[in-house]
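Each remark here refers to the structure printed beneath this line.
From a predicted model like this one, the values you see are computed outputs, not experimental measurements. To find a chain, count down the sequence lines: A is the first, B the second, and so on, and within it residues start at 1.
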2 protein chains.
Amino acid sequence: MSETNTKNKRLKHKENLRKKILEVAKELFLKHGYDSISIRKIADKIGISPTTIYLYYKDKSDVIYALHQEGFKMLATQFAMLRNVDEPFERLKAMGRSYIEFALENRDFYELMFIMREPIAFVNKNYACEWEEGGAAFEALLVTVADCKSRGYFKQADLHAMSLYIWATIHGICSLKLQGHLDHVVSAHFPEKEHQLNLEKAFDTLVLILRSIQ
Amino acid sequence: MSETNTKNKRLKHKENLRKKILEVAKELFLKHGYDSISIRKIADKIGISPTTIYLYYKDKSDVIYALHQEGFKMLATQFAMLRNVDEPFERLKAMGRSYIEFALENRDFYELMFIMREPIAFVNKNYACEWEEGGAAFEALLVTVADCKSRGYFKQADLHAMSLYIWATIHGICSLKLQGHLDHVVSAHFPEKEHQLNLEKAFDTLVLILRSIQ
DNA sequence: AAATATAATTAACAGTGTTAATATTTTAAA
DNA sequence: TTTAAAATATTAACACTGTTAATTATATTT
């Protein structure tokens, strides 16, 4: 009885400290960016020794991968709210807007999830399996595109290719925006234009095009 | 006479060492990736002291920015070969293929040029102007899209928005491919498909769509 | 040849991730 | 309850990183 009790306490403590490490890592990440996530800084903030962290995470990229997973949970939560949009093309548009909104409001997380190589390199070398969270998000897109097709949209295109294409386009828009390329290049050629609108205009163009190929 | 001569010699020596530093940095970059570009490693390879590099480049991000510029020269060279393609839509397709080819054959350079934040942060903080090389590449796209429009393509869409959209789409395809997301996510859902084709299929979808909205 | 620029170096600072050896604390058995 | 064992945490150290200030060496000019 008391054995299992103490065991549970230890397990709970382990879990708590593991969570605490992730929490502090997230705090550093959101406050001062990716580069200032440091094992030593995390340890200092918690009040433990840097090496203790290695008892809870394999290495630094393990911590970063945990952060990566956090981000996908956030995105999944946002996507889940769109399930009640019945008309598939409307849902597709809403997903696009939601994705862009996520990218703009969680820039660092988006970078970690879709731009940086480190987290996916970690999962490749350690788990040797696939990328569950990302796969789930892509599945949501696939289902919606399939629904669109069943209602007469995108007749000429392959489901697989079409989904990939849509994701690539919206990711491209977000990626260029976040890295500053969008405003930078465009302002050089269109100094009079309002930069904030570039992203919206690119998205509207996608919607326009998708509608026109119905 | 002899004064200017010795002055020239010194200037030449300065230029040569500056070039040598960049050359070695490029070598390290291409052989072992971005992360193994280190001031100390560059210095060791040349046989000079690490601090000497600071007499030729402001700091590490200055070296990396120089590498960044190298990449844009390479891309410009590749684009220049397409000027003789007369039919604008054919030229647009060729540019897209050329861009993708560049990304696949110079993965590290592409990452440095369009994905990483460091070089553009450097130019922002130091030159306070714009991003010439990138601007030139975008201008080439703009001109081609304008030519397409003048021949009846993309009637409904704005030149500006359309160009941005095309760039974003192709960049998105390249970006997802290079970071491994493309194959990773898709293979989870389509294990039987050939991964190499994902990129081509996404590009073909773009071309199909662009043609259909003529 | 001496004075003066220029160029390059050494030494040091303040960081980084990570490992091996050691100490401490907690749990289980005698 | 005391002792052996297991789990947990720490210190010290290694091998790196970019970068700066002070110093030395080299080349140019007076």
task: Give the rounded distance in Å between these two atoms: OH of A/Y57 and P of D/dA9.
output: 14 Å

- request: Using a heavy-atom cut-off of under 4.0 Å over every strand shown, decide if A/I53 touches base, sugar-phosphate, or nothing.
  value: nothing

statement: Rounded to whole Å, the CG-P distance (B/D44 to D/dC16) equals 10 Å

field: Nucleotide D/dT19, atom P - distance to CD1 of B/I42 in whole Å
entry: 11 Å

- request: Please round to the nearest 0.5 Å and tell me the distance separating atom CZ of B/R40 and atom CD1 of B/I53.
  value: 10.5 Å

- prompt: Rounded to whole angstrom units, what separation is found between the NZ atom of B/K60 and the P atom of D/dT20?
  reply: 14 Å

Spacing between B/R18 atom CZ and C/dT6 atom P, to the nearest angstrom: 18 Å

message: Does D/dA9 have OP1 or OP2 under 4.0 Å away from a side-chain N or O of A/Y56?
response: yes

- request: Would you kindly give the CD1-to-P distance between A/I64 and C/dT16, to the nearest whole Å?
  value: 13 Å

message: Reading DNA chain D from 5' onward, which residue's closest nucleotide shows up sooner: B/D59 or A/P50?
response: A/P50

- prompt: Using a cut-off of 4.0 Å on non-hydrogen atoms, how would the nucleic acid contact of A/K41 be classed: base, sugar-phosphate, or nothing?
  reply: sugar-phosphate

- request: Using whole Å, report how far CD1 of B/I48 lies from P of C/dT6.
  value: 20 Å

message: Counting only side-chain heavy atoms from C-beta out, which of D/dT17, C/dT18, C/dT10 sits nearest to A/R40?
response: C/dT18

statement: B/I39 atom CD1 is separated from C/dA8 atom C1', nearest whole Å, by 15 Å

- prompt: In terms of side-chain heavy atoms, does B/Q78 have a donor or acceptor partner in B/S98 at a distance below 3.5 Å?
  reply: yes

query: Ion pair present between A/E23 and A/K26, side-chain N to carboxylate O less than 4.0 angstrom?
result: no

message: Using OP1 and OP2 only, check whether a side-chain N or O of B/T51 sits under 4.0 Å from C/dT9.
response: no

message: Please identify which of these residues, A/F114, A/Y110, A/F102, A/Y65, meets the ring pair (Phe, Tyr, Trp, His ring centres under 6.0 Å) condition with A/F72.
response: A/F114

- prompt: Is a side-chain donor-acceptor pair under 3.5 Å present for A/E15 with A/Y56?
  reply: no

- prompt: Within the pair B/S38 and D/dT17, is there a side-chain N or O less than 4.0 Å away from OP1 or OP2?
  reply: yes

Of the listed nucleotides C/dT19, D/dG18, C/dA7, the one nearest the side chain of B/L55: C/dA7

